[in-house]
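Written out below as structure tokens is the structure these notes cover.
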Amino acid sequence: MKFFIDTANLDEIREAKSWGILSGVTTNPSLFAKTGGKLADFEAHMAKICELCEDIPVSAESTAETCEGMVEEGRRLAAIAPNIVVKLPICEASLPAAHTLALEGVRVNMTLIFSAPQALLAARAGARYISPFVGRFDDIGDDGIQQLETVVSCVKNYSYGYWEAEGGPEVITASVRTPNHVTQAALLGADIATVPFAALKKCVHHPLTDRGLESFAADWERVKNA
Ligand code: G3P
């Protein structure tokens with residue numbers, strides 16, 4: 001499974017990239033707002049992320065509400081850098097927008113996916129990536145992983161005629177909150193998990209690893225002083 005980072009914070013992206021594990025970046029308007037950025041700086045900020053990550057996909061979300069607006073903004077975002085992926089929330093307006101953009105060779109990440117029919121429609125419209133949310137199902141007392149499993153199985157049952165040469169459409173597990181979400185997503189064969197930096201750091205650690213490191217350090221001190 002590939003790891004994307006779910007953030008617009010340049011320092012977090014830089015650090016995750018330095019680990020040698022990063023295959024992509026996803027952002028959304030809330031994540032951009034968290035960096036203190038203003039709407040007027042949005043495209044320049046996306047350009048900075050793309051500069052930092054020129055060899056991996058960077059999802060930039062459109063805030064347009066009409067199909068025409070999404071196509072226009074999608075084209076503008078795609079022109080920022082070749083690795084931009086235009087993120088669109090699933091709705092009646094975004095399906096034809098994704099289709100138009102796909103036919104023009106623009107990669108779309110269809111987001112806010114909460115059901116298999118939504119995912120199948122996104123794939124059929126030509127989305128390069130499909131992003132079902134896990135944590136937000138858990139928030140309402142549902143089982144986000146079970147929902148993800150349904151989406152992955154349904155999407156993988158078919159081919160769609162877009163992006164096949166590069167292995168698309170790929171399912172991005174989104175709204176990931178915990179290392180266990182990552183484990184479960186990998187077990188059921190999701191292609192990608194996009195993980196916030198804090199959760200990514202938790203994935204590096206395990207209490208037994210930390211305890212082992214402490215006892216190695218103590219033993220090493222004893223060896224040095226012997
Ligand atoms: O990639 C989507 C993600 O940012 C949403 O996460 O935690 O707001 O549900 P969350």
Side-chain angles (χ1 to χ4, degrees), residues 1-13 15-17 21-37 39 42 45-46 49-50 52-53 56-64 70 73-74 77 83-91 94 98 107-116 118-119 122-123 127-152 155 168-186 188 190-203:
M1 191 177 62
K2 289 183 268 192
F3 285 93
F4 285 16
I5 188 166
D6 198 28
T7 186
N9 181 306
L10 294 173
D11 291 333
E12 292 180 353
I13 295 169
E15 186 170 343
K17 193 162 186 275
I21 52 90
L22 200 62
S23 299
V25 180
T26 54
T27 67
N28 62 33
S30 323
L31 293 172
F32 174 62
K34 273 195 202 160
T35 67
L39 189 59
F42 175 69
H45 191 79
M46 291 301 128
I49 297 177
C50 289
L52 200 59
C53 302
I56 55 177
V58 174
S59 286
E61 189 154 348
S62 164
T63 50
M70 289 177 195
E73 196 180 353
L77 290 170
N83 53 329
I84 280 277
V85 175
V86 177
K87 204 168 170 189
L88 299 175
I90 179 92
C91 61
S94 66
R107 292 172 184 79
V108 167
N109 173 359
M110 196 68 93
T111 189
L112 277 175
I113 298 285
F114 288 94
S115 76
Q118 289 178 320
R128 169 67 181 82
Y129 299 96
I130 298 163
S131 293
F133 279 34
V134 169
R136 290 197 196 176
F137 265 121
D138 296 350
D139 291 345
I140 59 163
D142 205 330
D143 183 344
I145 291 298
Q146 198 178 15
Q147 298 284 353
L148 174 70
E149 185 166 27
T150 305
V151 166
V152 170
V155 169
E170 288 180 290
V171 174
I172 303 180
T173 310
S175 186
V176 166
R177 310 272 173 78
T178 63
N180 188 49
H181 281 156
V182 174
T183 306
Q184 299 304 323
L188 60 84
D191 301 292
I192 298 158
T194 189
V195 187
F197 189 57
L200 205 51
K201 283 218 280 203
K202 282 190 194 153
C203 290

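One-based numbering, in listed order, for ligands and for the atoms of each.
- When hydrogens are left out, the protein atom nearest atom 6 (O) of ligand 1 is S175 CA, 3.5 Å; that is the closest non-hydrogen contact.
- In this structure, NZ in K87 is found 13.5 Å from CE in M70, a value given to the nearest 0.5 Å.
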Stepwise side-chain hydrogen bond (donor to acceptor under 3.5 Å, both in side chains) test for T26 and D6: CA-CA 5 Å; T26 54; D6 198 28; 2.7 Å; yes
Please determine whether side chain to side chain contact (heavy atoms under 4.5 Å, CB included) holds for the pair L112 and F133, giving the CA-CA distance in whole Å, both sets of side-chain angles, and the decisive distance to 0.1 Å. CA-CA 6 Å; L112 277 175; F133 279 34; 3.8 Å; yes
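- Summarising the geometry, atom CZ belonging to F4 is positioned 8.0 Å from atom CG belonging to N109; distances are rounded to the nearest 0.5 Å.
- The closest approach between any non-hydrogen atom of N28 and ligand 1 is below 4.0 Å.
- Atom CG of L39 sits in a sparse spot, with 12 or fewer heavy atoms from other residues, nucleotides or ligands closer than 6.0 Å.
- Those atoms of ligand 1 with a heavy atom of F133 less than 4.0 angstrom away are 2 (C), 5 (C).
- Taking distance alone, with nitrogen or oxygen atoms compared against 3.5 Å, R177 approaches ligand 1 more closely than that limit.
- Using the six-membered ring where Trp is involved, H45 and F32 have ring planes that are tilted, between 30° and 60° apart.
- The shortest N or O to N or O distance between T26 and ligand 1 is not below 3.5 Å.
- Relative to atom 1 (O) of ligand 1, the option among D138, D6, T7 with the closest non-hydrogen atom is D6.
- Per-residue contacts place R136 under 4.0 angstrom from the following atoms of ligand 1 (heavy atoms of the residue considered): 5 (C), 8 (O), 9 (O), 10 (P).
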